[in-house]
Amino acid sequence: MAEEIELRWQDRWESSGTFYAANPSGALTDGNGEHAGDRPPFFIMDMFPYPSGAGLHVGHPLGYIATDVVGRFRRMQGDNVLHTLGYDAFGLPAEQFAVQTGQHPRTTTEANMVNMRRQLRRMGLAHDPRRTFATIDPEYVRWTQWIFLQMFGSWYDVDAVRPDGGTGRARPIAELEAEYAEGTRAVPGGRSWADLDAGEQRDVVDSQRLAYVSEAPVNWCPGLGTVLANEEVTSDGRSERGNFPVFQRSLRQWNMRITAYADRLVDDLDLIDWPEKVKAMQRNWIGRSEGAQVRFALQPSASAQDAVPGVDGIEVFTTRPDTLFGATFMVVAPEHPVVDQVPAAWPEGTKDAWTGGHATPREAVTAYRAEAAAKTAVERQADAGKKTGVFTGLFGSNPVDGAAVPVFTADYVLMGYGTGAIMAVPGGDARDFAFAEAFDLPVIYTVAPGGDVDALDRGEAFTGDGLVVNSAAASDDGVTLDGLDVATAKRTVIDWLDARGAGTGTVTYRLRDWLFSRQRYWGEPFPIVYGEDGRPLAVPENQLPVDLPEVPDYAPRVFDADDADSSPEPPLGRNQDWVDVELDLGDGPRTYRRDTNTMPNWAGSCWYYLRYLDPTDDEHVVSPELEKYWLGAHHNASSGPAGGVDLYVGGVEHAVLHLLYARFWHKVLHDLGHVSSLEPFGKLFNQGYVQAYAFRDDRGQPVPAAEVEEHEDGGTTTYTWNGQTVTREYGKMGKSLKNVVTPDEMYEQYGADTFRVYEMSMGPLDLSRPWETRAVVGAQRFLQRLWRNVVDETSGRTTVVETPADAATLRAVHRTIADVTVEMAEMRPNTAIARLITLNNHLTSLGEVPREAVEPLVLMTAPVAPHIAEELWQRLGHAESLAHEPFPTALDEYLVEESVTCVVQVKGKVRGKITVSPSISEEDLRAAALAEPNVQRQIGDAEIRKVIIRAPKLVNVVV
RNA sequence: GCGCGAGUGGCGGAAUGGUAGACGCGCUAGCUUCAGGUGCUAGUGUCCGAAAGGGCGUGGGGGUUCAAGUCCCCCCUCGCGCACCA
């Protein structure tokens, strides 16, 4: 009967608008007859799906069911629940699927969405259907492009004070131009604004935009035919999608100035309720590290004090300026420009081990550079332990004591981090120590535990905390750090360096600006055109969206995966009629050239939560009033100090991609006054994954998991398929492993309610768990038993009785209400379901089921099994849907037990149980406990030293 | 190496410092049934014992406590993330 009941209720919910969420204003003010203002808003959201061609397996809906359960529960608790689902429909997989099947990406994507909508609808999700959309919809693309233009049209003013008291925020670029023109802001380069020609003015402004074009080394992936963001490249230098090699190439590309927000992206993590793991990943990715930049002058030899002509010196970054006296050499990255300035011959003081056997420094560094460049990322990682490098023939001068320190180049120093140069302190850094050992360089320890140098292990670097030693000034104007703790020494030496112009305290980040252009077809076109001077110009807002053109072939131009010298060729460039466009940008109609790049698919997912608030708004990106109502800080109990979505559920795989990008966009929109909240997602929850067993035959080929038989043979379990023994493994569910179970199979065999109950009862939501189809029957038995407690199976008549429930049943009901309410509020549907089953089993044992007991049970079951609950509710005589029915509340008078089991322990071990009144006095309980025969036997002749009494549940007799 | 998390029956998993194993799967027995399945009832950590009862038991080792799966210290294993980041 499940199918008939479920489809009927799904139709009714849809036709009655049961799950419409009411907006306080605008187009969507109706929400099932209730006014938004009467109820606290609760905005719950899933990471929206990618409509893939494969359809869903039973693992995908786990999060959707979880949010649905929470949403239905909160709705019954009186919240105005906003829950809907859209589709993230641009991007590589959709495009690849289209290319494979020879159809237009829009055709396949839309077909995939139809199938996914069907699969999801059959699950009975309580979504507001009016608020769904796909990122490919032109009305949505319009606003995605509009946000891009906001980025293009603004800059980051590091001195501007924000309302929250911090400094730095995005401002419209027109204000920057105005300040330059008025002379209230100094023009970079020192010239006056009026002295610059129009092109120079544009260059000054363009270089400061939040969305900017730059020629810089980027990640070029020939196998995908596009450039990629750092976040899309794995640590071994391959594309996250497709696993193709990625090469560094200097190309002219769009970037987003996310680095301007690095500090706020780190600091504001403290304001949001996210898993520590995800926060740690974001902190790690941003990689803020505080230290100092120190300049070392260069000198031609160990003894000569004169500077090297034409060379400025080397700027290093260090987090340990306190160890400056221990810097016995320097290392620069092979790509560092100073390597080009090596002297003609090895200077005096060069040790044989430093030259790599080469006759001149030039030869040595050239050979080393070639060697380093040939190493792949994987090789580099594998060699991390052993240190290679070569002397450059240059010497630096240590600013604290003037000591000459040889400058090496080595690939363990990376050009992309800090200044690409370090001062090496072998006494305080394990890597520098290894290098010093390999190249026979001196080690000076400048920190020792408690300042005691004898406590040091001379065989390794000391990286721990302690007091500074061996750091005394040689002259009167020097700095002395001896005896200081590390933190004080850092401050002291930075002040000293600062005063002498030799260094300054700085902060360095690992985060790089976000490479934002892709050379693919299936994405948002840039709303940008180029004039004759090649500078980018915004397409006027009233001409948005810029639609994707039809092209002869939308497949990306891909290359041999290892062809590093290939160059990107955007598919949009194939339609010359589209590329050349006539526009009037204020100085009459002219012909412009469109930008042929598309945006990465992250663009659409950066702001979709805002569009849910009103997907038909064509006035604003989001109405300020709606944003404040649904996302504003402290708008309800679950909203944190930064505001944002009340509950956002999704997998952990987006920790540093989508979740970082969306936070960045939100902060820009905040700075520009479009949203009031500081953060997009106030609370984040990472659900676990549904895993599955897979089976392989003796050739290692996967066999259909559903057809495998299990055999128990005296303690050992074996598996066979078609009579042959197969081996079992555990992991992902996937087509290639032949272990996919689809929701459709579940609907057909068990119905959506059973499927939902099973998924929710498998274990805690944040845990990954194995799918076991044979265990689904437990959920089915529960629902069938519930059904039979209300309906006679043969006659179909309702069998509940109107007589009052007995006292024990009432206590069971109210105990269950109290427990389930807590479990649901804490997002533990597994234990909530356990309580429901317990109560249901109790009712089963009664013979006849009283209405006052079963109605609360039906209501409590509704969030997890909504269809059967609605049906039973109706059969119990209620005309209205129970979706908005108040969740039952427990009455205290029924929470008091009539009698309780008191555990009697002797020396902490349970030796007896006695049944007592819950209000028993300590004296009576003590007497009753000591009278228990087994307790008496255990005590025997021993003397009772102490009796711990926790009335009425526990007595512990200590002998 | 650093960070986050987890180790409990045959399996998934429950346990505000106070009865370890809720609930479910599986398994055993009984009832219902021509039979299978469904349904219902009872049992099911492990060892000793006919039973009453007792020994052992939450990765390992210490500790705090009347009492520890839970708190503290040390160690082991596994998963995830980051990693020559100065």
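All of these numbers come straight from a predicted model, not from anything done at the bench. Residue numbering restarts at 1 for every chain, and letters A, B, ... go by the order of the sequence lines.
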Strand contacts (RNA chain B) in residues 408-419 of chain A, 4.0 angstrom heavy-atom criterion
A/Asp411, A/Tyr412, A/Val413, A/Leu414, A/Tyr417
Could you check how far OH of A/Tyr693 sits from P of B/rC25, rounded to whole Å?
17 Å
The dot-bracket string of RNA chain B, counting Watson-Crick and G-U wobble pairs with both distances under 3.5 Å, using [ ] for crossing pairs and | for pairs to another strand, is (((((((..(((.....[....)))((((((.......))))))((((....))))..(((((..]....))))))))))))....
Name the nucleic acid region contacted by A/Arg283, choosing base, sugar-phosphate or nothing; use a 4.0 angstrom heavy-atom cut-off, strictly under.
nothing
Name the orientation class of the two ring planes belonging to A/His658 and A/His654 (parallel below 30°, tilted from 30 to 60°, perpendicular beyond 60°).
perpendicular
Please tabulate, one pair per line, each protein N/O and nucleotide N/O from nucleotides 61-70 of chain B that are separated by under 3.5 Å, including the distance.
residue, atom, partner, partner atom, Å
B/rC66, O2', A/Asn956, ND2, 3.3
B/rC66, O2, A/Asn956, ND2, 2.6

Tell me whether B/rG9 sits syn or anti, counting syn as a glycosidic angle within 90° of 0.
syn
Taking for A/Thr844 and for A/Gly778 the nucleotide of RNA chain B with the nearest heavy atom, the one nearer the 5' end belongs to A/Gly778
So which protein N/O to nucleotides 80-82 of chain B N/O distances come out below 3.5 Å?
residue, atom, partner, partner atom, Å
B/rC80, O2', A/Lys277, NZ, 2.8
B/rC80, O2, A/Lys277, NZ, 3.4
B/rC82, O2', A/Asn284, OD1, 3.1

With sequence neighbours left out, write down each residue that passes salt bridge (charged side-chain N to carboxylate O under 4.0 Å, His left out) with A/Glu823, or none if nothing qualifies.
A/Arg828, A/Arg835
Which atoms of nucleotides 49-55 of chain B (N or O only) lie under 3.5 Å from a protein N or O atom, and what are those distances?
residue, atom, partner, partner atom, Å
B/rG54, OP1, A/Arg911, NH1, 3.4
B/rG54, OP1, A/Asn934, ND2, 3.1
B/rG54, OP1, A/Gln938, NE2, 3.0
B/rG55, OP1, A/Arg911, NH2, 3.1
B/rG55, OP2, A/Arg911, NH1, 3.0

Using nucleotides 13-17 of chain B, report all nitrogen or oxygen pairs with the protein that are shorter than 3.5 Å.
residue, atom, partner, partner atom, Å
B/rA14, OP1, A/Asn830, ND2, 3.3

Side-chain atoms of A/Arg431 come closest, of B/rG39, B/rG24, B/rC84, to B/rC84
Under 4.0 Å, heavy atoms only, any strand: does A/Arg781 hit a base, just the sugar-phosphate, or nothing?
sugar-phosphate
According to the side-chain hydrogen bond (donor to acceptor under 3.5 Å, both in side chains) rule, which pairs have a member within residues 322-339 of chain A, sequence neighbours left out?
A/Arg320-A/Asp322
Examine the base of B/rC84 for any acceptor or donor lying under 3.5 Å from a partner atom in the side chain of A/Lys387, and report the outcome as yes or no.
yes
Result for 5'-nearest mapping on RNA chain B, choosing between A/Thr319 and A/Ile833, is A/Ile833
Within residues 326-336 of chain A, those residues having any heavy atom closer than 4.0 Å to RNA chain B are none
Output one line per pair: protein atom, nucleotide atom from nucleotides 32-35 of chain B, and distance, for all N/O pairs under 3.5 Å.
none

For A/Arg926, what residues pass the salt bridge (charged side-chain N to carboxylate O under 4.0 Å, His left out) criterion, not counting sequence neighbours?
none
Using a 3.5 Å cut-off and no angle test, enumerate the donor-acceptor pairs between side-chain atoms of residues 943-959 of chain A and protein atoms at least two apart in sequence or in another chain.
residue, atom, partner, partner atom, Å
A/Arg945, NH1, A/Val959, O, 3.3
A/Asn956, OD1, A/Gly908, N, 3.0

